[in-house]
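Just below is one structure, and these are the notes that go with it.
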Amino acid sequence: MTRLHALNLVLAGSLGLWSAPAWADSLCADKALQVAADAQLKKAEELERARKPREAFAAAAKADSECVSDYPRREALTLRTAKAVGMEEERRGNLKDAFDWYLRAHSPAEAGRMQRKLVEQHPDDINTVSHAIDYFAHENDQAQESAMRAHALKNLDKALAEEEKRFASIGRNSLQELGRARDWAYYAKAGEDRIRARAAKRAETLAAEDGRKFLELAISYYEQADRHEGVKQVREKALSLAKRHEAKGEGEVAADYYAIAGEHAKAEAVQKHTEQRHEQAEEGRKKTFKKEQADLEKALGF
C-alpha cells in the first residue's frame, strides 16, 4: 500500500465519523426513540397552540428528555405552560396550587407573590407563615424573609395578649397560649426572653397557692421558664403538704401531693393503703347492716 493510498483511507474514515447522525453520540438508545420523542414534543406544541397548557405540560413531560432532538425547545415549552397553569390556578383562587405551578415554571417572583397572598389570606396560621419564611430564606430574599418574621412577631404579641386573658380566668391555665407564643417566637427569631419571663411570673403566682391543681401548673410554668430551682421549691412544698394531709388520715389528698412532689412510690403506697382502709370500712358497714337487719327481723318475728 502506497503512502498516498493509506492517507486516503484515513481521510475516508474520518469523514465517515463526521457524517454519522447526531443521535449516535447522544444518550438516546436509537433513532426510533428520538423520532417518538420529537413527535411527542410536536403534540405538546399543538396542545399549547390550542390553549390547553395543562395538557401541553403533561404531553411535554412524556417527551423523553434524553432523546428529543431539541431539548431547549422542550424545556421552554414546559416552563411556558407551567406558568400559564399557575396563572389559571391563581385566577381561580387556588393559591397553593398556583405556587406549585410557578415553582415548576421557575418563576420565583410569581411564587413569592403567592406566598405573600397566602399569608394575607391566613395571617394567623403558623404553617402558612412558616412556609413563606422558609421559601424566602431559600430564595435568599432577605427583605421578604424579614417582613414575614416581623409578621410572626406581631402574632407572638397577639398570643401573649390572649395568654393574659386566659390566665385571668378561673382555671389560670394559659399554657396553650404560652406555647403558641413560643412557636411564633421560633419563626420571629425574637421574644423568647419575654415568654420565659411571663412563664416565671405565672409560676410564682401559682406557687403561692396550696391547691393541688395550682401547684401542678406552677411546676409546668417553671419548666417553661427554665427555672429548675422554682420546680424544686414547689415540689418541696407539695411534700410538706402531703405529710400534713397523711397525718390527718386524708390519704387520697396526700397521695396527690406526693405525686406532685415527685414521690411516686410513696404516692402509690399511700393510695393503696387508703383503698385498703376504704375496703375494710365497707366490709364493716356491710356486717353492721346485716346484723341490724337480722335483729329487726327477729324483733318482728320473721
Side-chain angles (χ1 to χ4, degrees), residues 124 126-127 129-130 149 152-285:
D124 299 325
I126 197 163
N127 289 327
V129 177
S130 66
R149 293 197 187 281
L153 187 58
K154 288 181 180 179
N155 282 345
L156 184 154
D157 293 335
K158 287 172 62 177
L160 287 179
E162 291 169 3
E163 186 277 337
E164 189 83 40
K165 294 178 183 177
R166 177 69 68 177
F167 190 77
S169 65
I170 296 174
R172 290 190 176 183
N173 185 349
S174 61
L175 288 170
Q176 183 175 348
E177 288 74 18
L178 205 62
R180 190 181 307 124
R182 174 163 272 122
D183 291 340
W184 284 117
Y186 174 80
Y187 291 106
K189 286 189 174 180
E192 185 67 34
D193 53 341
R194 292 164 56 197
I195 294 167
R196 284 196 295 269
R198 179 72 63 89
K201 181 181 178 182
R202 302 310 186 211
E204 289 167 2
T205 299
L206 293 167
E209 303 286 345
D210 287 345
R212 287 164 286 177
K213 184 64 177 178
F214 288 150
L215 292 182
E216 284 180 331
L217 282 173
I219 289 175
S220 296
Y221 280 109
Y222 271 132
E223 289 173 343
Q224 289 286 321
D226 293 329
R227 293 280 195 87
H228 303 296
E229 186 60 32
V231 172
K232 181 181 177 182
Q233 290 173 358
V234 174
R235 292 197 190 283
E236 289 173 351
K237 180 178 181 177
L239 182 60
S240 175
L241 289 168
K243 292 177 179 178
R244 186 188 306 173
H245 284 280
E246 185 180 12
K248 293 179 181 179
E250 300 170 346
E252 290 182 351
V253 177
D256 288 344
Y257 278 116
Y258 276 125
I260 295 170
E263 299 285 342
H264 298 291
K266 181 67 174 175
E268 187 176 348
V270 171
Q271 182 66 33
K272 186 175 181 180
H273 178 68
T274 301
E275 290 173 356
Q276 289 174 346
R277 284 196 297 108
H278 286 170
E279 289 174 1
Q280 291 171 356
E282 181 63 17
E283 286 297 321
R285 188 192 66 78

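Around CD of Glu164, the count of heavy atoms belonging to other residues, nucleotides or ligands within 6.0 Å exceeds 12.
The shortest non-hydrogen separation linking Ile260 to Ala238 is CG2-CB, 3.7 Å. In plain terms, the two heavy atoms of Ala200 and Ala225 that are nearest each other are N-CB, 3.6 Å.
Considering only heavy atoms from C-beta on, Leu178 stays 4.5 Å or farther from Arg202 through its side chain. Using a 4.5 Å heavy-atom cutoff, the side chains of Val129 and Trp184 are in contact. For the pair Leu217/Leu175, a side-chain contact is recorded, criterion being any heavy-atom separation below 4.5 Å from C-beta on. No side-chain heavy atom of Arg244 sits less than 4.5 Å from a side-chain heavy atom of Val253. Between Arg227 and Lys232 there is no side-chain heavy-atom pair separated by less than 4.5 Å. Side-chain contact between Val234 and Leu206 is absent, with no heavy-atom pair separated by less than 4.5 Å.
To the nearest 0.5 Å, the span separating CD on Glu236 from CG on Leu241 amounts to 12.0 Å. Here the straight-line distance linking atom CG of Asn127 with atom CG of Asp183 works out to 10.0 Å at 0.5 Å rounding. Between Ser174 atom OG and Glu163 atom CD the span is 3.5 Å, to the nearest 0.5 Å. Going from atom CG of Asp210 over to atom OG of Ser240 covers 9.0 Å, rounded to the nearest 0.5 Å.
A search for side-chain hydrogen bond (donor to acceptor under 3.5 Å, both in side chains) contacts involving Gln224 returns Arg182, not counting sequence neighbours. In this structure Tyr257 satisfies the ring-ring contact (aromatic ring centres under 6.0 Å, His included) test together with His245, sequence neighbours excluded.
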Does the pair Phe167 and Thr205 meet the rule for a side-chain contact (heavy atoms from CB on, under 4.5 Å), with working shown? CA-CA 11 Å; Phe167 190 77; Thr205 299; 4.3 Å; yes
Go through Glu216 and Arg212 one step at a time and tell me if the side-chain contact (heavy atoms from CB on, under 4.5 Å) criterion holds. CA-CA 6 Å; Glu216 284 180 331; Arg212 287 164 286 177; 5.6 Å; no
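A side-chain hydrogen bond (donor to acceptor under 3.5 Å, both in side chains) with Asp124 holds for exactly one of Lys158, Lys154, Arg180; it is Lys158.
Lys237 has no carboxylate O lying under 4.0 Å from a charged side-chain N of Glu209, or vice versa, which leaves the two without a salt bridge. Here Lys165 does not pair with Glu177 in a salt bridge; the nearest charged N to carboxylate O distance is not below 4.0 Å. The pair Glu192-Arg196 counts as a salt bridge, with a side-chain nitrogen and a carboxylate oxygen less than 4.0 angstrom apart. Between Glu263 and Arg235 there is no salt bridge, since no side-chain N of the basic residue sits under 4.0 Å from a carboxylate O of the acidic one.
With a 6.0 Å cutoff to the six-membered ring centre and a 45° limit on the axis angle, Arg149 does not count as a cation-pi contact of Tyr187.
Between the side chains of Tyr258 and Glu268, no donor N or O sits under 3.5 Å from an acceptor N or O.
In terms of modelled atom types and a separation under 3.5 Å, the side chain of Asp226 and the main chain of His228 share no donor-acceptor contact.
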